[in-house]
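What follows is one structure encoded as structure tokens, with my remarks underneath.
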Amino acid sequence: MTADLDLTNRWLSKIRESFEAEDMALTQSLLDESLQETNSSPKLMEVAGMIAYSRGDFEESIRLIEEASFQIVLTLSGQLTLANAWLRQGQTDSAKTTLLFLAETIERVPSSMLPDLTHGLAKLEEFEAAISVCRNAFDRHPDDDNAVFGVAFYMHRAGYPSELVYNVMAKAVQ
């Protein structure tokens with residue numbers, strides 16, 4: 001079991017390196033080879049699904065990440081990618097469940113994922129949850145004007161009174 005995990009981790013390292021170097025041909029080649037060598041390691045399938053999403057192949061992204069989810073607990077990044085792919089494919093109920101779960105467990109979600117989470121929630125018109133995510137982003141990074149503007153923007157979209165939205169926007173401008 002440890003040998004399988006070591007092999008998977010070595011492949012993940014190589015794949016991450018080629019992906020960060022933006023060598024998509026090599027990345028895809030490494031993914032194909034790694035899935036074959038590891039007998040479709042679920043961790044590698046999840047990564048392959050995230051890379052398929054980055055290429056705009058949402059159907060393949062869903063297929064790979066869902067298949068991985070039957071064998072492992074997905075990473076937060078995998079969950080967010082899957083929810084975004086579902087959104088792109090019109091599977092709003094599935095996306096909504098996952099995005100709201102991520103919003104409820106916001107303390108575990110890395111700051112780098114908060115803009116995508118907020119965007120997905122807004123697409124579903126879950127403005128209260130989007131406001132909550134923006135407030136959390138501001139709490140983590142009080143110097144982030146975008147987070148305060150996000151709070152004001154989604155308050156406006158949710159139908160809050162103009163005075164409240166104006167007060168939040170004034171804070172952002174300061």
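Starting from 1, each residue takes its place in the sequence as its number. Basis for what follows: all heavy atoms, side chains included, without hydrogens, waters or symmetry-related copies. Since this is a predicted model, take the numbers as computed values, not measurements.
- Between the CG atom in Leu99 and the OG1 atom in Thr92 there is a gap of 10.5 Å [rounded to 0.5 Å].
- Grouping the Ile, Leu, Val, Met, Phe, Trp and Tyr side chains by contacts below 4.5 angstrom, directly or via other members, places Phe149 apart from Phe153.
- For the pair Leu64 and Glu67, the minimum side-chain heavy-atom distance is 4.5 Å or more.
- Take Glu60 and apply the salt bridge (Lys or Arg N to Asp or Glu O under 4.0 Å) test, not counting sequence neighbours, and it matches Arg63.
- Side-chain contact between Asp144 and Phe138: absent, with no pair of heavy atoms (C-beta onward) separated by less than 4.5 Å.
- Judged as a side chain to side chain donor-acceptor pair (under 3.5 Å), and not counting sequence neighbours, the contacts of Gln91 are Trp86.
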Listing, residues 154-165 side-chain donor-acceptor contacts under 3.5 Å, not counting sequence neighbours, or none:
from   : atom 1 : to     : atom 2 : distance (Å)
Tyr160 : OH     : Glu128 : OE1    : 2.8
Tyr160 : OH     : Glu128 : OE2    : 3.0

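- From Thr105, atom OG1 reaches atom CD of Glu107 across 6.0 Å, with rounding to the nearest 0.5 Å.
- Contact of the Leu124 side chain with the Leu100 side chain is not registered, since no non-hydrogen atoms from C-beta on lie closer than 4.5 Å.
- Nearest heavy-atom pair across Ala68 and Pro42 is CB-O, 3.3 Å.
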query = Hey, mind stepping through Leu12 and Arg10 against side-chain contact (heavy atoms from CB on, under 4.5 Å) and telling me if it holds?
reply = CA-CA 5 Å; Leu12 285 170; Arg10 282 194 305 275; over 6 Å; no

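- Here ring pair (Phe, Tyr, Trp, His ring centres under 6.0 Å) pairs that include residues 87-128, with residues two or more places apart or in two chains, number zero.
- Of all non-hydrogen atoms in Ala83 and Ala95, the two that sit nearest each other are O-CB, 3.4 Å.
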Can you list, pair by pair, the side-chain donor-acceptor contacts under 3.5 Å of residues 70-82, counting residues two or more places apart and other chains?
from  : atom 1 : to    : atom 2 : distance (Å)
Thr75 : OG1    : Glu46 : OE2    : 2.8
Thr75 : OG1    : Gly78 : N      : 2.9
Gln79 : NE2    : Leu74 : O      : 3.1
Thr81 : OG1    : Ser77 : O      : 2.8

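- With rounding to the nearest 0.5 Å, the separation of CD in Glu17 from CG in Leu26 is 9.0 Å.
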key: Glu59 and Ile62: CA distance, side-chain angles, deciding distance, side-chain contact (heavy atoms from CB on, under 4.5 Å) verdict   = CA-CA 5 Å; Glu59 192 172 309; Ile62 292 168; 5.9 Å; no

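- Smallest separation of non-hydrogen atoms from Thr118 and Cys134: CG2-SG, 3.7 Å.
- By the side chain to side chain donor-acceptor pair (under 3.5 Å) test, Arg140 pairs with Ser111, Asn136, sequence neighbours left out.
- Among all heavy-atom pairs drawn from Ala85 and Ser61, the shortest one is CB-OG, 4.0 Å.
- Residue Met45 holds its CE atom at 9.5 Å from OG1 of Thr38, rounded to the nearest 0.5 Å.
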Donor-acceptor pairs under 3.5 Å, side chain of residues 29-37 to any protein atom, not counting sequence neighbours: which ones?
from  : atom 1 : to    : atom 2 : distance (Å)
Asp32 : OD1    : Gln28 : NE2    : 3.0
Ser34 : OG     : Leu30 : O      : 3.1
Ser34 : OG     : Leu31 : O      : 2.8

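- Residues passing the salt bridge (Lys or Arg N to Asp or Glu O under 4.0 Å) test with Asp139, sequence neighbours excluded: none.
- For Gln89, the CD atom is densely surrounded, since the number of other residues' heavy atoms within 6.0 Å is greater than 12.
- Contact check for Asp57 versus Ile51: no side-chain heavy atoms found under the 4.5 Å cut-off.
- With Val109 as the partner, the side chain to side chain contact (heavy atoms under 4.5 Å, CB included) test is satisfied by one option alone out of Asp116, Val133, Leu114: Leu114.
- Counting only heavy atoms from C-beta outward, the side chains of Leu121 and Leu102 never approach each other to under 4.5 Å.
- Taking the salt bridge (Lys or Arg N to Asp or Glu O under 4.0 Å) definition, one finds that Lys96 meets it with Glu126, sequence neighbours left out.
- In this structure, the ring-ring contact (aromatic ring centres under 6.0 Å, His included) partners of Phe58, at least two apart in sequence or on a different chain, are Tyr53.
- Residue pairs meeting the ring pair (Phe, Tyr, Trp, His ring centres under 6.0 Å) criterion with at least one member in residues 12-33: none, sequence neighbours excluded.
- To the nearest 0.5 angstrom, Arg16 atom CZ is 13.5 Å from Lys14 atom NZ.
- Listed by chain and number, the residues in a side chain to side chain donor-acceptor pair (under 3.5 Å) with Tyr166 amount to none (sequence neighbours excluded).
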